[in-house]
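Worksheet for the structure shown next.
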Amino acid sequence: MSQRQVLQGVMSLLRPLLLDVVPTIQQTSALALGRLANYNDDLAEAVVKGDILPQLVYSLAEQNRFYKKAAAFVLRSVAKHSSQLAQAIVDCGAVDTLVVCLEDFDPGVKEAAAWALGYIARHNAELSQAVVDAGAVPLLVLCIQEPEIALKRIAASALSDLSKHSPELAQTVVDAGAIAHLAQMILNPDAKLKRQVLSALSQISKHSVDLAEMVVEAEIFPVVLTCLKDPDEYVMKNAATLIREIARHTPELSQLIVNAGGVAAVIDCIGNCTGNVRLPGIMMLGYVAAHSENLAMAVIISKGVPQLAICLSEESEDHIKAAAAWSLGQIGRHTPEHARAVAVANVFPKLLTLYMDTDSSEDLQVKAKKALKNILQKCTHLPALEPLLHDAPPNILKHVVGQFSKVLPHDSKARRLFVTSGGLKKIQEISADPGSPLQEYINTINNCYPEEIVRYYSPGYSQTLLERVEHYQPVI
């Protein structure tokens with residue numbers, strides 16, 4: 001007997017039990033179906049194909065609170081697997097019935113209904129719209145005001161799922177007055193509630209400047225910064241995500257975060273955690289720095305560069321290293337002063353290694369290369385550039401040589417150091433196409449020195465001298 005036949009047999013046995021005269025049997029059979037559907041999408045599909053959903057929806061409106069919770073659990077368990085299965089829940093009219101359950105006197109029924117609605121909404125905008133159209137949002141906002149912590153958590157999670165797909169859906173949540181109530185719960189002692197509250201505010205903030213400003217106007221700063229020190233890693237991560245989503249929109253919002261002490265707090269947070277928890281904080285620093293020279297300098301002054309350099313070295317995941325490389329590029333690309341701050345943190349060799357490492361992901365290689373170019377084109381700190389003369393591939397080397405060609409004509413001390421450190425000798429060893437930018441940079445550098453010095457450091461010059469010795473006729 002195949003697994004599918006076994007499933008059909010189990011469903012056909014459980015289905016009549018949903019209509020049993022004994023309430024306990026009804027509830028137990030619904031719970032059994034829920035657990036089966038929760039296990040994997042094949043079992044959830046079997047529930048849909050077994051015509052069990054219409055029966056559950058009908059009973060959801062009629063039965064006692066124990067059955068309602070069990071039936072909502074089945075709907076949630078089916079909906080969680082895919083948008084197709086969630087659509088099957090919508091098609092059988094379950095959303096309207098679940099919304100009615102949000103008004104039930106029993107908090108457990110409300111919680112089960114909110115959970116199922118959240119699982120339907122999380123898949124895509126169309127399913128979220130179906131939940132909105134059924135009138136769920138105002139009732140979910142009422143649920144986050146209830147005293148029960150578990151109900152608050154699930155309602156906040158559902159609002160987060162509804163807000164994430166589009167600005168219009170997020171606006172619907174905002175129009176129902178959600179922001180003020182969510183903002184009041186940022187300092188709630190319950191970590192799981194804080195996770196969901198911060199997630200919901202992030203999903204609202206990410207869509208537009210207007211929505212981000214509405215979240216800021218709810219006076220989340222500086223209180224949200226305390227969440228960056230929370231012992232719960234997910235609270236830390238979600239708080240950093242919220243700050244990132246606000247910072248990325250405009251220089252004004254980033255400046256507000258800087259003024260509230262947000263940049264320093266995020267840098268401390270990055271230093272106190274590892275892995276994916278670091279990621280939103282790393283990206284937030286890049287978004288802030290990207291807006292303007294002054295904001296990038298605020299990141300530098302708060303000692304953001306050494307912390308990002310540590311992330312670049314310590315982290316094992318390529319996508320985290322790529323984010324750190326990108327953020328360093330945003331900080332260093334503005335002026336020579338910004339580039340120097342990045343260069344002295346010994347970032348160039350790390351970026352070059354990541355770019356040239358064949359084991360690095362394509363995204364990491366692209367981000368490392370772009371960050372290197374962005375910073376190099378502003379960098380006049382020659383001691384940091386010199387090692388790259390020996391290690392960089394041609395496409396990076398031209399930027400390095402270009403920077404030397406800008407600095408050496410105006411700095412006699414640097415010209416002397418360039419000779420004694422072996423830099424001038426290395427320049428003579430570079431083969432460049434005639435007329436190329438690289439050849440022009442080399443010519444500019446060579447023009448900074450007497451001709452005999454350039455000849456002395458050119459490849460083969462010692463051989464030429466030896467030949468002259470051999471052919472020299474001493475005067476007797």
Strictly distance-based, threshold 3.5 Å: is any side-chain N or O of [X] a donor or acceptor partner for the main-chain N or O of [Y]?
| X | Y | answer |
| --- | --- | --- |
| Ser254 | Ala247 | yes |
| Glu315 | Gly275 | yes |
| His165 | Ala121 | yes |
| Ser302 | Gly304 | no |
| His338 | Glu293 | yes |
| Ser202 | Leu242 | yes |
| Ser163 | Ala170 | no |
| Lys164 | Arg122 | yes |
| Glu103 | Val99 | no |
| Gln403 | Cys379 | yes |

Contacts of Asp411 that satisfy side chain to side chain donor-acceptor pair (under 3.5 Å) - sequence neighbours left out: none
For the [atom1] atom of [X] and the [atom2] atom of [Y], what is their distance to the nearest 0.5 Å?
| X | Y | atom1 | atom2 | value |
| --- | --- | --- | --- | --- |
| Ile396 | Leu372 | CD1 | CG | 5.0 Å |
| Leu151 | Leu142 | CG | CG | 10.5 Å |
| Lys321 | Ile282 | NZ | CD1 | 11.5 Å |
| Leu159 | Ile204 | CG | CD1 | 7.5 Å |
| Leu397 | Leu388 | CG | CG | 9.0 Å |
| Lys194 | Thr226 | NZ | OG1 | 7.0 Å |

Worked verdict on Lys350 versus Ser313 for side chain to side chain donor-acceptor pair (under 3.5 Å): CA-CA 7 Å; Lys350 292 171 192 164; Ser313 301; 3.2 Å; yes
Verdict with reasoning, His181 to Val141, per side chain to side chain contact (heavy atoms under 4.5 Å, CB included): CA-CA 8 Å; His181 298 295; Val141 173; 3.9 Å; yes
Checking [X] now: which residues fulfil salt bridge (charged side-chain N to carboxylate O under 4.0 Å, His left out) with it, not counting sequence neighbours?
| X | answer |
| --- | --- |
| Glu233 | none |
| Glu252 | none |
| Glu146 | Lys110 |

Neighbour count above 12 (heavy atom, 6.0 Å) for [X] [atom1]:
| X | atom1 | answer |
| --- | --- | --- |
| Lys406 | NZ | yes |
| Tyr234 | OH | no |
| Glu337 | CD | no |
| Lys206 | NZ | yes |
| Lys426 | NZ | yes |
| Lys303 | NZ | no |

Worked check of salt bridge (Lys or Arg N to Asp or Glu O under 4.0 Å) between Asp232 and Arg195: CA-CA 9 Å; Asp232 185 281; Arg195 289 179 196 173; 2.8 Å; yes
Heavy-atom closest contact ([X] atom, [Y] atom, distance):
| X | Y | value |
| --- | --- | --- |
| Leu102 | Ala136 | CD1-O, 4.0 Å |
| Lys152 | Pro147 | CE-O, 4.1 Å |
| Val95 | Ala130 | CG1-O, 3.9 Å |
| Lys80 | Tyr119 | CB-CD2, 2.9 Å |
| Ala113 | Leu98 | CB-O, 3.4 Å |

Result of checking Val209, Ile220, Val224 against Ile246 for side-chain contact (heavy atoms from CB on, under 4.5 Å): Ile220
Side-chain touch Arg278/Gln307, heavy atoms, less than 4.5 angstrom: yes
Contact check, side chains of Ser361 and His319, non-hydrogen atoms, under 4.5 Å: no
Test log, rule side chain to side chain contact (heavy atoms under 4.5 Å, CB included), inputs Ile144 and Leu140: CA-CA 6 Å; Ile144 61 173; Leu140 287 168; over 6 Å; no
side-chain contact (heavy atoms from CB on, under 4.5 Å) against Glu168, all qualifying residues, sequence neighbours excluded: Ser166
Contacts of type side-chain contact (heavy atoms from CB on, under 4.5 Å), residue Gln196, not counting sequence neighbours: Ala156, Ser157
Intermediate values then yes/no, side chain to side chain contact (heavy atoms under 4.5 Å, CB included), Phe348 and Val400: CA-CA 11 Å; Phe348 289 156; Val400 179; over 6 Å; no
Parallel, tilted or perpendicular: ring planes of Phe404 versus Phe418, cut at 30 and 60 degrees: tilted
Candidate pair Met284 and Ile257, rule side chain to side chain contact (heavy atoms under 4.5 Å, CB included), full reasoning: CA-CA 11 Å; Met284 177 267 184; Ile257 291 166; 3.6 Å; yes
